[in-house]
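Each chain gets a letter, A, B and so on, in the order the sequences are listed, and its residues count up from 1. Side chains included, hydrogens not; waters and symmetry mates left out as well; all remaining heavy atoms used.
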Protein chains: 2
Amino acid sequence: MPHNDRPATLRDVAAAAGVHPATASRALNPGTKLLVSEETAQRVAEAAERLGYRPNPVARSLRTRRSHTIGVLIPDLNNPLFPPIVRGLEDRLAKHGYVALIGNTDLDTTREQMVFDQMRARHVDGFVLATATLHNPILAEAAEADLPVVLMNRTAQGYPFSSVSVDNEQGERAAVDHLASLGHTRIGHIAGPQDVSTGVARLRGFFDGMDGHGLTVDDAQVVTATGYSIEEGLRCGRELLETNRDLTAIVAANDLLAVGCYGALDELGLRCPEDMSVIGFNDMPFIDRLRPPLSTVRFPHYKLGTEAADLLLERIEDADSPVKILYLAPELVARGSTVPLAATTSADDGRDDESRLAANTVPLRRGVARRKR
Amino acid sequence: MPHNDRPATLRDVAAAAGVHPATASRALNPGTKLLVSEETAQRVAEAAERLGYRPNPVARSLRTRRSHTIGVLIPDLNNPLFPPIVRGLEDRLAKHGYVALIGNTDLDTTREQMVFDQMRARHVDGFVLATATLHNPILAEAAEADLPVVLMNRTAQGYPFSSVSVDNEQGERAAVDHLASLGHTRIGHIAGPQDVSTGVARLRGFFDGMDGHGLTVDDAQVVTATGYSIEEGLRCGRELLETNRDLTAIVAANDLLAVGCYGALDELGLRCPEDMSVIGFNDMPFIDRLRPPLSTVRFPHYKLGTEAADLLLERIEDADSPVKILYLAPELVARGSTVPLAATTSADDGRDDESRLAANTVPLRRGVARRKR
DNA sequence: TTGTAGGCGTTATCAC
DNA sequence: GTGATAACGCCTACAA
């Protein structure tokens, strides 16, 4: 009979090799293998092989209090930004015998808490959090319970958590530099939500960049989204365009916002890039397939995942390992959505006479440039 | 001291309630709660609450041989087709206390086997397979081990597995109908890989549809991709266009293939939809943002996931539950990439004189229509 | 209705 | 170097 229906257990292996289960255990575990004689180790290994022995991770977990499972909290897997990151995480974790439990929070606090609790109940060995808003109860909870945590694309001051994220400030500065180098001076910004660190940092990068080129920024030139979504991009794009009739370029804090902005341009009969240059952030998959292909600031998604995994594993293996704040450098990707000012239809040229803009536009107020805080 | 560092165990609860652990266990489990007096049940519940008791799922799993964990094998999370499906799965599974372990196989057989083995070792309670090629060793393995399995977007004859998929044949027929109703008669097909059921079914649907309109299909009018990817779409699109100079429409077996086909058209200086109508399959997220927005055949991704979860849970709860083959109806989504033949530049109009096509085009061979097998 | 006892499969800690 | 023993936390016959 080649195949017993009950899977072979350590006892079976021990019996087959004529040793005590404890010895078999030692022989099979790399860490304790050296405690056992070469010869018996061999015998046990053969027996295990022959019986098709697979250690039962559940039993092992119960004993070692290690589940080899990592909880990963992300806003929404449907956001194309995350799949590559998650793959990076999973691939790297798998290499070390860990698996990831993915939890979608939809940025809903109660849902997030639920998922978090669920995962704690399942005794995950650590967490990767990509959802943390700046002041988040689960951060405190995790800190108090001394859980290994790595923040992804988020930073949180005041907690002893490692994090890996993009240098958002530098990235957005590069976006402004790019537009400025194309000759644009009247540049609007669709800012990300200000309760997450990326939104704050990118806004700061925008101001910095403008400042660096001696460009002033009117209050009305910045519209803040309440979330990173196409809908918010549409809303903010509308507002921005209606309030600022002389813009020639828009920096969106994220690709989805930029996509929404495309829609706003469409509505107003404006074309990108002929009438308006637009640049996003993230270089989401497929964003290069839009028409026009979106210029954006790329960061290495997959690598973000692998680095986060490394940081977390490090922390799990050694609870005293130092907290590390890792920034990955972003990279500007110029595509068809940004063109030189010279190639841009002058803001005064074709707009007014075609009265494409809504009637309730307000006169442009020129204020003092807001500075980096 | 409000917070003991060691989490409360069942013994602790029992002690606090002044009962035996067994009684506490019964009181806390819905199924056995009725075996215990109302009053003690109350007392135990309070104690549990007070101590913040969380049952240890690892210990429970060891005892009950249920991990409440489901293995999900998909080709690649980066394929935008899958996130919504996976979310459907996860959401529904979570509702029943299960979590999903996602495994990316990259359609690599050895990798797939590895992931499968890993998950078996972790004692998952069942599998959802979205990767199964038509003849797949893990199907046999799962069948022999009598593992609960549900196939997703795949069907496999000869195995007692439930499955949920789209009616691919009907969907592709609808695509052909759509083009035919627009007046197109010279329609090419980029077929999906023929070792997965979707590729086969959609090809059959294509032939059926053409047949239904009395349209013949030359051998050269069908080019078969080796995988569902943009690259393959590009390659097949090139081949199709070079070999068939009079096509006015192309049916791609999948959106990614269609996107690749867009690229092939670009290369040849052909425009969609002016010179060529293109239709895809899947209605991937963001595919409506392409220029032109891709006409396609939509199916309910999220629902596919939830249905698969239901089928699997049913099978897990009751091993004797009947095998169910579930088909979800697809729906045609007409967008900008398909236009009436009347609006299409005649195939002979502008192409030859601009010699956009490669020199090595072969003369069109008209053969017998291939029929449904 | 509740308590007793045993075991799920593994590993840590003793002895020998 | 190896064996014996206990324990991780929970559940479930069975007995009372």
Under 4.0 Å between any heavy atoms, over every strand shown, what does A:Val19 touch: base, sugar-phosphate, or nothing? Just pick one.
sugar-phosphate
Could you pull out every donor-acceptor pair under 3.5 Å between side chains of residues 18-35 of chain B and any protein atom, sequence neighbours left out?
| unit_1 | atom_1 | unit_2 | atom_2 | d |
| --- | --- | --- | --- | --- |
| B:His20 | ND1 | B:Ala22 | N | 3.0 |
| B:Thr32 | OG1 | B:Arg26 | O | 3.1 |
| B:Thr32 | OG1 | B:Asn29 | O | 3.3 |

Using a 4.0 Å heavy-atom cut-off across all strands, classify A:Leu62 as base, sugar-phosphate, or nothing.
base
How would you give the extent of chain A contacts on DNA chain C, as first and last nucleotide 5' to 3' within a 4.0 Å heavy-atom cut-off?
C:dG9 to C:dT13
When the distance from CG of B:Leu35 to P of D:dT12 is rounded to whole Å, what number comes out?
11 Å
Taking the side chain of A:His20 as heavy atoms from C-beta outward, which of D:dT5, D:dC11, D:dG1 is closest to it?
D:dT5
Salt bridge or not between A:Asp125 and A:Arg315? Use side-chain N to carboxylate O under 4.0 Å.
no
Whole angstrom is fine here: how far is it from CZ in A:Arg43 over to P in D:dT2?
8 Å
Report yes if at least one side-chain N or O of B:Thr9 is closer than 4.0 Å to OP1 or OP2 of D:dG9; otherwise report no.
no
Any Lys/Arg nitrogen of B:Lys324 or B:Glu314 sitting under 4.0 Å from an Asp/Glu carboxylate oxygen of the other?
yes
With heavy atoms under 4.0 Å as the rule, sort A:Ser61 into base, sugar-phosphate or nothing.
nothing
Protein-nucleotide distance (B:Arg60, atom CZ; D:dC8, atom P), rounded to Å
18 Å
Need one value for A:Ser37: base, sugar-phosphate or nothing, where a base atom within 4.0 Å counts as base even if backbone is also close, heavy atoms only.
sugar-phosphate
Check this one for me: any side-chain N or O of B:Arg26 less than 4.0 Å away from OP1 or OP2 of D:dT12?
no
Does any part of the side chain of A:Gln113, heavy atoms only, come nearer than 4.5 Å to the side chain of A:Glu141, both counted from C-beta?
yes
Heavy-atom nearest nucleotide on DNA chain C taken for B:Arg63 and for B:Glu39; more 5' hit belongs to B:Glu39
It should be established whether B:Asn29 places a side-chain nitrogen or oxygen under 4.0 Å from OP1 or OP2 of nucleotide D:dC11.
yes
Residue A:Ala22, side-chain atoms from C-beta onward, closest of D:dA13, D:dA6, D:dA4:
D:dA4
So B:Val86 and B:Ile74, do their side chains get closer than 4.5 Å, heavy atoms only?
yes
For a quick check of understanding: with a heavy-atom distance under 4.0 Å over all strands, which category does B:Pro55 fall into, base, sugar-phosphate or nothing?
sugar-phosphate
What one should report as the nearest heavy-atom pair of A:Asn153 and A:Thr198 is O-CG2, 3.4 Å
Round to a whole Å and report the spacing from NZ of B:Lys33 to P of D:dC11.
15 Å
Can you tell me how far the NE2 atom of B:His301 sits from the CZ atom of B:Arg87, to the nearest 0.5 Å?
15.0 Å
Whole-Å distance separating the CG atom of A:Leu10 from the C1' atom of D:dG3
14 Å
